[in-house]
Amino acid sequence: MTFEELSLIQPILDAVRTMGYTEPTPIQQQAILPALEGRDIMGCAQTGTGKTAAFALPILQHLAAKKNNGSRPRTRALVLAPTRELALQISENFTQYGVHLGIRHTVIFGGVSQKNQEKALKSGVDIVVATPGRLLDLTQQGLMHYDAIEHFVLDEADRMLDMGFINDIRKIIAMLPKQRQTLFFSATISSEIRELSRSMLINPVHLNVEPEVETPALVSQSIYYVRKENKRSLLKHLLRTEDIEHALVFTRTKHGADRVVEDLKKCGFNAAAIHGDKTQSAREKALNAFKSKTIRVLVATDIASRGIDVDSLSHVINFEIPEQAETYVHRIGRTGRAGMTGAAFSFCSADEIAYMRGIHKLTKQKIAVAEHPYA
Ligand code: AMP
């Protein structure tokens with residue numbers, strides 16, 4: 001299937017071509033036509049499947065068909081995301097996909113001054129991408145208006161619930177016009193998610209592109225059995241001897257992330273940490289340096305890593321094995337994206353063998369055991 005077959009207008013086709021997309025991903029193939037028809041969507045899809053374009057392209061096309069008159073547009077689309085990183089990512093995608101359309105959008109999240117966000121809302125934007133907390137703050141100050149919203153997206157609904165945003169989301173939904181299109185995405189579907197989606201969606205199209213346990217086919221996985229105290233040496237050894245262009249390293253704790261970075265820097269590697277204790281500007285700086293490849297190694301905790309979207313990430317390294325097997329699948333899904341190959345290395349010490357067993361059970365895959373000098 002081609003993007004042309006999805007009834008997209010030329011300025012959008014041109015933008016996706018500039019992005020280097022040759023073919024719509026499965027979620028895009030399934031979601032774009034019904035979304036263009038105005039249907040509600042309940043999509044089970046993880047980050048990395050191309051779900052952002054699956055909702056962003058139809059929304060842009062709807063808005064382009066009926067341009068806001070006058071100089072001060074009313075907000076007609078709202079996208080809610082759980083983290084600043086994801087909100088920024090979505091906003092960047094709107095910029096890229098909408099490059100020929102002249103549709104205004106802005107991104108709103110906490111942890112930074114609200115001045116610019118305030119200014120954007122006052123001058124008027126067609127699309128708002130936001131995390132729930134700051135959006136509600138601005139709403140209480142009378143800066144955000146919901147009465148013209150025609151398209152509403154709830155992204156990573158499962159993560160929203162994990163992060164305790166349920167009440168904020170309900171408050172926001174209560175302000176939305178009843179007559180609207182709702183696009184709902186979640187990586188996992190629990191009974192709580194089902195209930196939430198039922199309260200928001202009308203006769204939705206159900207899409208399920210990637211079962212939770214499916215590990216990316218293009219990621220080669222290996223496991224390094226290693227003593228806990230040797231993990232840092234093993235990491236440096238691999239960075240020296242393997243062809244690792246760009247690695248995202250996962251630790252379980254913020255403190256652990258800082259320690260790994262400190263050690264890497266001491267030995268001359270370009271590395272930075274990204275986690276909840278870092279300021280917003282430090283996180284953005286680290287992420288941008290990683291994206292532009294001035295930093296070779298980014299060390300992250302799971303929460304901070306959600307929504308990190310780095311093209312051509314060659315390696316994911318599990319410095320610590322996650323307790324939840326699903327987290328392993330999320331982590332390694334950061335590489336091997338959009339048709340490229342990637343590698344995932346997992347460092348497993350004796351106390352983590354049980355977690356690894358859970359991962360084998362969930363993924364039903366045998367992961368190759370690697371030989372190394374630090375066993
Ligand atoms: P997402 O799941 O929306 O975060 O997208 C994951 C990655 O895939 C992003 O880097 C997108 O730019 C990229 N992507 C989305 N759609 C396509 C496509 N049709 N072809 C190639 N890459 C894509």
Side-chain angles (χ1 to χ4, degrees), residues 1-8 12-33 35-36 41 43-61 77 79-99 105 107 127 129 153-160 183-188 207-212 214-219 246 248 287-288 290-293 298 300 304-314 316 329-342:
M1 186 184 268
T2 62
F3 278 104
E4 280 77 9
E5 288 168 74
L6 292 173
S7 302
L8 292 165
I12 293 182
L13 291 174
D14 291 344
V16 295
R17 189 163 320 116
T18 309
M19 299 278 295
Y21 301 178
T22 48
E23 199 193 346
T25 65
I27 185 93
Q28 292 160 6
Q29 295 185 19
Q30 296 171 47
I32 291 177
L33 278 171
L36 282 174
I41 287 177
C44 178
Q46 301 179 13
T47 293
T49 54
K51 69 180 161 60
T52 314
F55 65 75
L57 303 185
I59 288 179
L60 286 166
Q61 182 147 327
V79 180
L80 285 186
T83 62
R84 303 154 191 194
E85 283 78 15
L86 185 62
L88 272 168
Q89 193 63 56
I90 294 170
S91 165
E92 254 171 51
N93 284 342
F94 270 112
T95 307
Q96 292 161 327
Y97 303 144
V99 66
H105 66 90
V107 60
I127 305 170
V129 181
V153 180
L154 190 67
D155 200 10
E156 297 204 350
D158 51 351
R159 176 93 342 197
M160 293 269 198
L183 308 172
F184 184 105
F185 291 91
S186 185
T188 54
L207 304 178
N208 187 350
V209 290
E210 202 178 49
E212 168 70 3
E214 198 172 288
T215 50
L218 295 168
V219 180
H246 212 198
L248 181 57
L287 193 56
N288 287 335
F290 189 58
K291 280 185 176 175
S292 65
K293 309 211 163 153
L298 188 68
S305 82
R306 282 292 283 227
I308 292 183
D309 178 27
V310 181
D311 287 333
S312 69
L313 174 63
S314 66
V316 164
V329 180
H330 280 304
R331 286 183 181 182
I332 72 165
R334 307 270 150 197
T335 180
R337 281 189 180 190
M340 284 188 278
T341 53

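Every number for a ligand or one of its atoms is a count from 1 in the order of the listing.
Polar contact with ligand 1: absent for Y97 (N/O pair, distance under 3.5 Å). Of the polar atoms of G50, at least one N or O is found under 3.5 Å from an N or O of ligand 1, judged by distance alone. For the pair T49 and ligand 1, the shortest N or O to N or O distance falls below 3.5 Å.
Residue-ligand proximity, T25 to ligand 1, at heavy-atom distances under 4.0 Å covers atoms 16 (N), 17 (C), 18 (C), 19 (N). Against a heavy-atom cut-off of under 4.0 Å, E23 is close to the following atoms of ligand 1: 18 (C), 19 (N), 20 (N). Near T52, the atoms of ligand 1 lying under 4.0 angstrom from a non-hydrogen atom of the residue are 1 (P), 3 (O), 4 (O).
For the salt bridge (charged side-chain N to carboxylate O under 4.0 Å, His left out) condition, no pair includes a residue of residues 18-31, sequence neighbours left out.
Separation of atoms CD (E156) and CE (M160) is listed at 8.0 Å; rounding is to 0.5 Å. With rounding to the nearest 0.5 angstrom, the CZ atom of F3 is 8.5 Å from the CG atom of L13. To the nearest 0.5 Å, atom CZ of residue F184 and atom CZ of residue F55 are 13.0 Å apart.
Judged by distance alone, the side chain of S91 and the main-chain N or O of A87 form no donor-acceptor pair under 3.5 Å.
When non-hydrogen atoms are compared, ligand 1 lies under 4.0 Å from the side chain of F3 (C-beta onward) but not from its backbone. When heavy-atom distances to ligand 1 are checked against a 4.0 Å cut-off, Q28 comes that close only through its side chain, counted from C-beta outward.
Between the side chains of E5 and T2, a donor-acceptor pair is found at a separation under 3.5 Å.
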